[in-house]
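All ligand and atom numbering here is 1-based and tracks the order in the structure.
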Amino acid sequence: MTQHLVVPAQSARSGGGEPAPQRTGWWRDAVIYQVYPRSFADANGDGMGDLAGIRSRLPYLRDLGVDAVWLSPFYASPQADAGYDVSDYRRVDPMFGQLGDAARLIEDAHALGLRVIFDLVPNHCSDQHEWFQQALREGPGSALRKRFHFRAGKGENGELPPNDWESIFGGPAWTRITEPDGTPGEWYLHLFAPEQPDFDWDHPAVADEFRSILRFWLDLGVDGFRIDVAHGLVKAKGLPDLGMHDQLKLLGNDTMPFFDQDGVHEIYRSWRPILDEYPGERIFVAEAWTPTVARTANYVRPDELHQAFNFQYLATPWAAEKLREVVDLTLEAMRPVGAPATWVLSNHDVTRHATRFANPPTDATQIRTPGDRELGLRRARAATVLMLALPGSAYVYQGEELGLPDVTDLPDEVRQDPSFLRASGQDGFRDGCRVPIPWSGAEAPYGFGPASGGPSWLPQPAEWAELSVEVQSGDPTSTLELYRSALAIRAAHPALGAGDGVEWLDAPAGALAFRRTHADGAFVCVANTGSSPVRLALPVPGRLLLTSGEEPVREGEETVVPADTTVWWSL
Ligand code: NOJ
């Protein structure tokens, strides 16, 4: 097993009973922890995580050393896409609790010095949303249908979809409805599942409604929003055909008539002043899949959103040259707009990085084979230590701090990913990263819920007993203690955190090395992504702060960094 140095926690944050801290630009270097409410902690024992469970575990997150918590959706929802199908944007789904639980969660988090970010889903709602249900009842041409994209079908009897767009989850992006009089009727657009009809953002009522929803949660005290499908709200005029099949292949490479249209930016420019009216530096982070980091930068211009996820970084394999390139591209793209870079390795939509890096290099984000677990974990630890050294803000997905792998062998009957059920869509194996996390004990649900409760909504593997928070706490070789140490050092070291550049140092092939300098102290990070040790002709690099694996060895003027290891030094 690997080892690393444990530095006592020395957080820059204030704690205990105070409102959210007022540090200017907190989001420029924040470490934001993603909670997937279904799978974090189950207080009532129904096998499904809930808000009360999350509240009970907030001290764990404070001790881990993160600055903020982002919660995936917990709103009223039929759960066709695990809550990304919202039927009432102002209600908490009873399976997660009540509005009071959300309010208390924000209060408790603030008292611990943590900020709270909620997920806003503005591209589509649930087909059970009151507006959509009314649109179905009112018939063609009605006022409510205009809030969605209803169209007559093509073909002699309207039996063909209005255009050739494909759903991200597979199949056509259109579903035909039966009109109130029982006849086959219009079609409506859904970029995701049929249960997720897209709003028509050209309709003023849609824009008004979302401004009101923003205020509703801001009034409750939330510190910001992650915007789901931020790149999708505006569709090209006339909904033009793409003229090809297998459109998913284009995602992330080309501008599509339904993604990354310039019109989306007007919406964000209209949202920003609302957020700025509220005290306490509240923020927006965009989930925007765009062809390039340069296009992503458009979302974080000074009058738009604060941050955007860096999916190009997430999709980069564990390979020094490629990593260096994406770091440079990111920093170059963000500099002109003055936004912080963000770094992310895992979330609820992609295979966990411990499993991605256990498999042969790929830019695919969903992988179905466990690969070499030990190697994957070693690389995941090194990748995280590298990520946390980069200038800007970083995202951590629940369970990665435990080194959890994806569960690649879930039985088909338990899978709930709508994409899996539609069979032909975007991979569909997202359940593997959504398995409830282990807290303690030798038997499932490993403290996720009470032992007397029902089985967790997705089964946890037997090996996870060994990966629980309880087992890893206090073990200096554990991944949990590595994260705690890294976050504490990151918060305390003057050269870490916010910034817009790194100074690259010479490094042998397969490794990357950079320096970050601050008046109060400099810092060097070396990541060896290769499978054998590298020798660096670095001058005495200073005091060793942290290593993701074995300690580097000094040999004369050289420093030998082990394979698949990232090391931090303070100068
Ligand atoms: C992105 C979310 O992260 C994903 O989980 C969801 O399925 C789609 N958006 C649709 O809302």
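- Checked for salt-bridge contact, Arg295 and Asp262 meet the test: a charged N lies under 4.0 Å from a carboxylate O.
- Of all atoms in ligand 1, numbered sequentially from 1 with element shown, those under 4.0 Å from a heavy atom of Val229 are 9 (N).
- Between Tyr36 and His348, the angle of the ring planes stays under 30°, which puts this pair in the parallel group of the 30/60° scheme.
- With ligand atoms numbered from 1 in the order given, ligand 1 contributes 7 (O) to contacts under 4.0 Å with heavy atoms of Phe169.
- In this structure, atom 3 (O) of ligand 1 lies nearest to the protein heavy atom Asp349 OD2, 2.4 Å.
- The shortest contact between atom 9 (N) of ligand 1 and any protein heavy atom is with Asp228 OD1, 2.8 Å.
- The protein heavy atom nearest to atom 7 (O) of ligand 1 is Asp81 OD2, 2.5 Å.
- Residue-ligand proximity, His124 to ligand 1, at heavy-atom distances under 4.0 Å covers atoms 10 (C), 11 (O).
- Remark: Arg151 fails to qualify as a cation-pi partner of Trp174 under the 6.0 Å distance and 45° angle criteria applied to the six-membered ring.
- Of the listed residues (Arg147, Lys146, Lys237), just one forms a salt bridge (Lys or Arg N to Asp or Glu O under 4.0 Å) with Asp202, and that residue is Lys237.
- A salt bridge between Arg62 and Asp108 is absent, with no side-chain N of the basic residue lying under 4.0 Å from a carboxylate O of the acidic one.
- The environment of CD in Gln133 is crowded: more than 12 heavy-atom neighbours from other residues, nucleotides or ligands sit within 6.0 Å.
- Residue Arg430 approaches ligand 1 through these ligand atoms, each under 4.0 Å from one of its heavy atoms: 4 (C), 5 (O), 6 (C), 7 (O).
- Put simply, the side chain of Asp42 never gets that close to the backbone of Phe448: no donor and acceptor are under 3.5 Å apart.
- For Gln34, no heavy-atom contact with ligand 1 is shorter than 4.0 Å.
- Proximity to Arg434 (heavy-atom distance under 4.0 Å) selects the following atoms of ligand 1: 5 (O).
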